[in-house]
Asker: 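Structure incoming, see below.
Each chain gets a letter, A, B and so on, in the order its sequence line appears, and its residues count up from 1.
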Number of protein chains: 2
Amino acid sequence: MEAMPDARIVPDGRAQQIAAGLRAAITAGRLAPGTRLPSVRQLQVQHHVARETASRALGLLVADGLAMARPGSGTYVRPRAERLPLSPDRYSRVSRQEAASPGPPAPNDRPPRAAGFRGARTAPAETHLAAVFALPVGAPVYERTALLTHQGAPACLLITHYRPEHLAGTALAAALENNGEREHAFEVLAAHGLAPAAVTEQLLTRSPTDAERTLLQLAGAEPVMEVCRIARGHNGHALEHARLVYAGHRFLWSYSHRL
Amino acid sequence: MEAMPDARIVPDGRAQQIAAGLRAAITAGRLAPGTRLPSVRQLQVQHHVARETASRALGLLVADGLAMARPGSGTYVRPRAERLPLSPDRYSRVSRQEAASPGPPAPNDRPPRAAGFRGARTAPAETHLAAVFALPVGAPVYERTALLTHQGAPACLLITHYRPEHLAGTALAAALENNGEREHAFEVLAAHGLAPAAVTEQLLTRSPTDAERTLLQLAGAEPVMEVCRIARGHNGHALEHARLVYAGHRFLWSYSHRL
DNA sequence: CAGTGGTCTAGACCACAGC
DNA sequence: CTGTGGTCTAGACCACTGG
């Protein structure tokens with residue numbers, strides 16, 4: 001049997017104490033989002049502490065996602081974003097409804113769109129992808145990448161794959177490339193006679209890579225949600241393979257099912 | 001319009017460079033899980049760097065979840081756990097099957113069980129919970145907490161709530177309290193004529209609290225997956241409300257649905 | 001330009017593991 | 001007891017912001 005040695009509830013230390021004070025003020029609402037926190041040198045003299053220690057205190061808040069540092073300017077209380085609910089229902093509303101919704105826009109109404117960074121190419125399928133599409137390894141697949149934004153902030157990295165015969169030389173490829181994710185890809189597929197009939201999603205959470213941290217503008221330890229989605233047609237063949245990397249703190253995934 | 005000032009791809013710095021070297025050796029498999037990394041003082045002389053800098057390099061690996069520090073002993077490559085798939089199918093197999101599975105146990109076969117820390121009490125319902133159960137705020141609900149483990153390691157914190165009239169004075173309460181999560185709660189409910197007919201799950205990912213970090217033995221920036229699950233009977237009334245906080249790096253959530 | 005955060009240095013003290 | 005990681009100090013240089 002393994003003993004459980006570690007039970008440190010809260011590691012003390014001056015930096016932790018200073019951070020705790022600011023953390024309490026932030027979570028209690030005394031320091032509004034966007035407020036500039038005391039500077040490193042201010043904390044240094046206020047708490048009679050070394051510069052490095054004061055800097056570490058602010059670093060702890062940044063790591064918690066409570067604050068963000070802007071070098072040369074200051075450290076600011078991070079605005080807490082509402083989580084946008086995402087449910088599979090959004091795949092069903094294939095046709096875009098322009099119905100003016102009364103009151104505030106329904107949160108699930110507009111999933112992240114508006115691509116900021118796009119690309120499309122033909123790439124050889126690696127093993128996993130080949131298995132999904134029932135193609136030999138290395139066979140060409142159509143690949144499309146995008147960075148989706150929501151409410152002006154980057155929200156999700158997207159890599160989708162399609163069978164080349166579904167697109168090559170058809171209007172579908174052009175439609176997918178030209179629309180800046182204004183329409184959901186499912187709508188485009190359906191409009192070309194390839195309406196998905198079933199979707200499977202696999203979700204996992206992890207800490208972001210460096211590239212993801214900058215592209216999604218993640219602060220400190222904020223995790224990403226990685227979703228692998230496979231859409232299949234009525235015959236069970238894969239129509240689309242998508243790998244989505246969400247800024248985890250901005251969304252909420254909903255699923256329901258009968259037993 | 002806000003400009004986009006930050007585009008730092010990779011912050012240099014000696015600590016980052018030293019960490020990068022070790023990180024590459026770990027991810028490439030040259031340093032096997034469980035291996036002891038060079039000590040702070042060894043790195044200090046190897047790279048002709050201050051002690052603090054060497055220490056920060058190891059700290060970066062710990063923050064990435066690639067290594068774990070054991071004060072007084074050393075810093076070790078963290079074993080990478082396989083992710084256990086979790087799918088709603090596990091709710092359907094109400095009766096426990098003892099069928100000897102040939103070969104290695106199917107990964108989805110045994111969701112986390114074996115409670116290590118339990119409690120049961122009657123608590124007043126706060127607003128959200130009251131709404132779920134259609135009870136007045138403050139009405140008593142039956143609350144049950146547990147720490148589920150999987151493969152010997154803590155996996156999931158669990159708080160479940162039930163309507164008191166479903167349990168008070170019945171054998172159900174005793175059954176729920178006495179079985180150390182050996183049976184899934186749904187099996188116990190079904191055995192008492194309260195078989196769930198539908199389940200809704202809401203998933204979100206975030207960084208853990210300090211308490212969760214110690215209870216789930218999370219390293220560095222590893223996130224948690226928080227799941228809010230509501231099970232309803234055939235009449236639509238809530239039978240169970242569960243809040244689960246998973247060690248996010250050890251599981252994989254699967255969902256599928258038809259359109 | 002003055003002020004900001006980020007990082008490194010050399011040295012020190014502490015609590016702890018494990019022999 | 002020696003070696004370990006964790007933390008703090010006082011001082012320094014850098015790149016950056018913003019008036």
Asker: Between R78(A) and P33(A), which heavy-atom pair has the shortest distance, and what is it?
Answerer: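 Heavy atoms of R78(A) and P33(A) come nearest at O-CB, 4.1 Å.
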
Asker: Rounding to a whole Å, what distance do you find between H47(A):NE2 and dT7(D):P?
Answerer: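 Computing the H47(A):NE2 to dT7(D):P distance gives 18 Å.
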
Asker: Does T53(A) put a side-chain nitrogen or oxygen below 4.0 Å from OP1 or OP2 of dC8(D)?
Answerer: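 For T53(A), the contact criterion (side-chain N or O under 4.0 Å from OP1 or OP2 of dC8(D)) is not met.
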
Asker: Do R14(B) and Q17(B) get their side chains close enough for a donor-acceptor pair, meaning under 3.5 Å?
Answerer: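 Present: a donor and an acceptor within the cut-off.
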
Asker: Tell me: CZ of R56(A) to P of dT9(D), nearest whole Å?
Answerer: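 Taking CZ of R56(A) and P of dT9(D), I get 9 Å after rounding.
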
Asker: Does the structure place the NZ or CZ of R144(A) under 6.0 Å from the centre of the six-membered ring of Y162(A), at an angle of no more than 45° from the ring's axis?
Answerer: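 Judged by the rule (NZ or CZ under 6.0 Å from the ring centre, within 45° of its axis), R144(A) is not positioned above Y162(A).
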
Asker: Ignoring backbone atoms, establish whether T75(B) has a side-chain N or O less than 4.0 Å from OP1 or OP2 of dG5(D).
Answerer: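 For dG5(D), OP1/OP2 do have a side-chain N/O of T75(B) under 4.0 Å.
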
Asker: Would you say S39(A) reaches dG3(C)'s phosphate, i.e. side-chain N/O to OP1/OP2 under 4.0 Å?
Answerer: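 Answer is no, no contact under 4.0 Å.
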
Asker: Whole angstroms only, please: what is the CZ-C1' distance between R36(B) and dG5(D)?
Answerer: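 Between C1' of dG5(D) and CZ of R36(B): 11 Å.
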
Asker: Does the side chain of T205(B) come within less than 4.5 Å of L203(A)'s, by heavy atoms?
Answerer: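 No, their side chains stay 4.5 Å or more apart.
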
Asker: Could you check how far CG of L58(A) sits from P of dG3(C), rounded to whole Å?
Answerer: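 That distance rounds to 18 Å.
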
Asker: Expressed as a whole number of angstroms, how long is the span from R14(A):CZ to dC13(C):C1'?
Answerer: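 Interatomic distance, CZ of R14(A) to C1' of dC13(C): 16 Å.
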
Asker: Between R51(A) and dA12(D), is there a side-chain N or O to OP1/OP2 distance below 4.0 Å?
Answerer: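 So the side chain of R51(A) is outside the cut-off, no N or O lying under 4.0 Å from OP1 or OP2 of dA12(D).
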
Asker: Under a 4.5 Å cut-off applied to non-hydrogen side-chain atoms, are R206(B) and R83(A) in contact?
Answerer: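 Touching, per the 4.5 Å side-chain cut-off.
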
Asker: Within the structure, does a side-chain N or O atom of S55(B) lie under 4.0 Å from either OP1 or OP2 of dG5(D)?
Answerer: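 False: S55(B) side-chain N/O out of range (4.0 Å or more) of dG5(D) OP1/OP2.
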
Asker: Does the separation of the ring centres of W253(B) and Y246(B) fall below 6.0 angstrom?
Answerer: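 Close enough - the centres of the two rings lie under 6.0 Å apart.
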
Asker: Just wondering, do M225(B) and L252(B) contact through their side chains at under 4.5 Å, heavy atoms?
Answerer: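 SC-SC contact between L252(B) and M225(B) ruled out.
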
Asker: Can you measure E52(A) atom CD to dG11(C) atom P for me and round it to whole angstrom units?
Answerer: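 Atom CD in E52(A) sits about 17 Å away from atom P in dG11(C).
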
Asker: Taking for each residue the nucleotide of DNA chain D bearing the nearest heavy atom, is the 5' side occupied by A15(A) or by G72(A)?
Answerer: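 Upstream on the strand: A15(A).
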
Asker: Can you tell me which stems involve DNA chain D, if a stem is defined as three or more consecutive Watson-Crick or G-U wobble pairs, both distances under 3.5 Å?
Answerer: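 DNA chain D stems, ordered by first number: C:1-18 with D:1-18.
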
Asker: Starting at atom CG of D12(A), determine the distance to atom C1' of dG5(D), rounded to an integer number of angstrom.
Answerer: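 For the pair D12(A) CG and dG5(D) C1', the rounded distance is 15 Å.
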
Asker: Measure from CG on L43(B) to P on dT9(C) and round the result to the nearest Å.
Answerer: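 Going from L43(B) (CG) to dT9(C) (P), I get 13 Å.
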
Asker: Suppose we call a contact any N or O donor and acceptor under 3.5 Å apart; does that hold for the side chain of R41(A) and the base of dG5(C)?
Answerer: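 Pair found.
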
Asker: Mark yes or no for a side-chain to base donor-acceptor pair under 3.5 Å between R70(A) and dG18(D), with no hydrogen or angle criteria applied.
Answerer: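 For R70(A), whose side chain was compared with the base of dG18(D), there is no donor-acceptor pair (under 3.5 Å).
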
